[in-house]
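To keep things clear, I will list the structure first and then write my remarks on it.
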Amino acid sequence: MQPIYVTKPYLPPLDEFVRLLEQVWESRILTNNGPFHQQLEGRLQDVFDSPHVSLTNNGMLALTTAINAAQLEGEVITTPYSFVATTHALALEGLTPVFVDIRPSDLNIDPDLIEAAITERTSAIVAVHVYGNPCAVAQIEDIAARHNLKVIYDAAHAFGVRYQGRSLLSYGDFGALSFHATKAFNTFEGGAVVSREAEGKRAVDAVRNFGIADEVNIPVVGTNAKMSEINAAFGMVQLEHFEDVRRRRRQIDTRYRERLSAIEGIDLVPIPDGVESNFSYFPIMVRDSFSLSRDALYEALKAEGIYSRRYFYPLLSSLPMYADLPSAAAGRLPQAERAAAQVLCLPIYPDLTDADQQRIVQAVIDHARQ
Ligand SMILES: Cc1ncc(COP(=O)(O)O)c(C=O)c1O
């Protein structure tokens with residue numbers, strides 16, 4: 001049996017990329033805001049409904065650059081239910097994460113719990129659109145406005161996602177994306193920051209390029225988060241195929257929902273109304289009423305060559321460097337703990353065949369209580 005992995009990066013026809021590579025060989029411009037970089041930033045302005053897009057070389061540096069540009073200090077309210085990059089980005093910038101529990105409906109930060117966690121040291125809310133499903137953006141914006149907080153969305157999963165007729169990236173002061181190989185849109189490695197204001201983009205662009213303003217002025221501390229011409233050229237090719245990729249992912253998502261929705265002990269995470277998803281993950285919740293625990297199902301699938309992933313487990317608040325924070329204390333994050341113990345992401349990618357998907361579905365059904 002061929003192994004089936006949780007994802008398989010989408011690659012466009014090679015000759016389309018080679019044609020652009022020839023132009024790079026011709027120009028000898030390899031990085032530093034070259035022509036492909038400018039073209040891709042321009043094209044992504046339409047995708048994200050924002051004139052303020054800054055490419056970066058990965059999602060982690062998109063996050064740290066945005067956090068840095070927002071000039072945060074003190075405490076930042078965030079979710080424990082995410083990939084480790086979210087909390088590490090705060091810690092690397094010298095900030096104290098304050099974990100707030102998630103809501104079970106979409107596994108995003110629970111907006112009703114945010115205000116109780118705000119202190120005079122709080123400078124921002126860093127929330128995650130988990131699996132590309134929108135956070136409670138209106139409520140979060142309202143809280144942030146009343147308490148004078150910045151809002152940064154970790155939108156690593158949200159490429160191409162639209163909510164209430166707008167790109168999900170058009171919400172918040174900053175949104176940070178990942179174009180990692182495993183994401184719905186990949187540039188091998190890559191990312192972007194979307195800023196609400198022109199001033200925000202200026203700050204991001206400076207931090208992304210060592211803090212340099214011009215040949216003789218370096219007014220701020222910065223890093224190197226620039227995207228190369230190779231990655232940007234690849235992004236231009238990928239963009240041509242994105243809607244087809246989304247369509248193929250949607251078909252797989254629909255089939256999973258049809259075939260798995262009636263299994264005792266398996267709950268699906270719904271895509272909320274008003275959302276045009278990118279279908280980049282297919283999380284299932286393995287409840288106590290299922291015949292196997294989540295971990296036992298994970299192992300059983302693995303034994304059959306099906307490699308699902310426990311996104312997100314372990315919970316970030318349980319990691320050694322965060323576990324002693326007051327907000328990480330036992331019993332404070334019950335919904336996040338439950339989700340981390342029950343979630344399993346099934347394989348989903350554009351090239352997943354119907355036969356392979358049926359193999360996955362059948363394996364889950366075979367382990368369900370008869
Ligand atoms: C929620 C989340 N944030 C941040 C990242 C970091 O992105 P990158 O791998 O591009 O650095 C990822 C994925 O890797 C992610 O899933």
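Being a predicted model, the structure only gives us computed values, none of them experimental. In each ligand, atom 1 is the first atom listed, and ligand 1 is the first ligand listed.
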Show the numbers, then the answer: is there a side chain to side chain contact (heavy atoms under 4.5 Å, CB included) between Val137 and His129? CA-CA 10 Å; Val137 285; His129 300 303; 3.9 Å; yes

Taking the minimum heavy-atom distance to atom 10 (O) of ligand 1, which of Ala181, Ala85, Ser178 ranks first? Ser178

Heavy atom of Gly191 under 4.0 Å from ligand 1? no

Regarding Arg43 and Asp46, does a basic nitrogen lie under 4.0 Å from an acidic carboxylate oxygen? no

Output yes when the distance from some N or O of ligand 1 to some N or O of Glu189 is under 3.5 Å, and no in every other case. no

Would Arg294 pass as a cation-pi partner of Tyr313, given that its NZ or CZ must be under 6.0 Å from the six-membered ring centre and within 45 degrees of the axis? yes

Numbered atoms and elements of ligand 1 in range of Gly59, under 4.0 angstrom, heavy atoms: 7 (O), 8 (P), 10 (O), 11 (O)

Short side-chain to backbone donor-acceptor contact, Arg246 and Gly160, under 3.5 Å: yes

Report yes or no: is the cationic atom of Arg166 (NZ for Lys, CZ for Arg) under 6.0 Å from the centre of the six-membered ring of Tyr171, at an angle within 45° of the ring normal? yes

Proximal atoms of ligand 1 relative to Ser82 (non-hydrogen, under 4.0 Å): 1 (C)

With a 4.5 Å limit on heavy-atom distance, are the side chains of Leu325 and Ser317 in contact? no

Measure from atom 16 (O) of ligand 1 to every heavy atom in His88, His129, Met60, His157 and give the option owning the shortest one. His157

In terms of its nearest heavy atom to atom 3 (N) of ligand 1, the top option of Thr56, Thr79, Asp154 is Asp154

Provide, to 0.1 Å, the distance between atom 12 (C) of ligand 1 and the closest protein heavy atom, together with that atom's residue and name. Phe83 CD2, 3.4 Å

Give the residue and atom name of whichever protein heavy atom lies nearest to atom 13 (C) of ligand 1, and the separation in Å to one decimal. Lys183 NZ, 2.7 Å

Answer yes or no: is there an ion pair linking Arg208 with Asp205, defined by an N-O contact shorter than 4.0 Å? yes

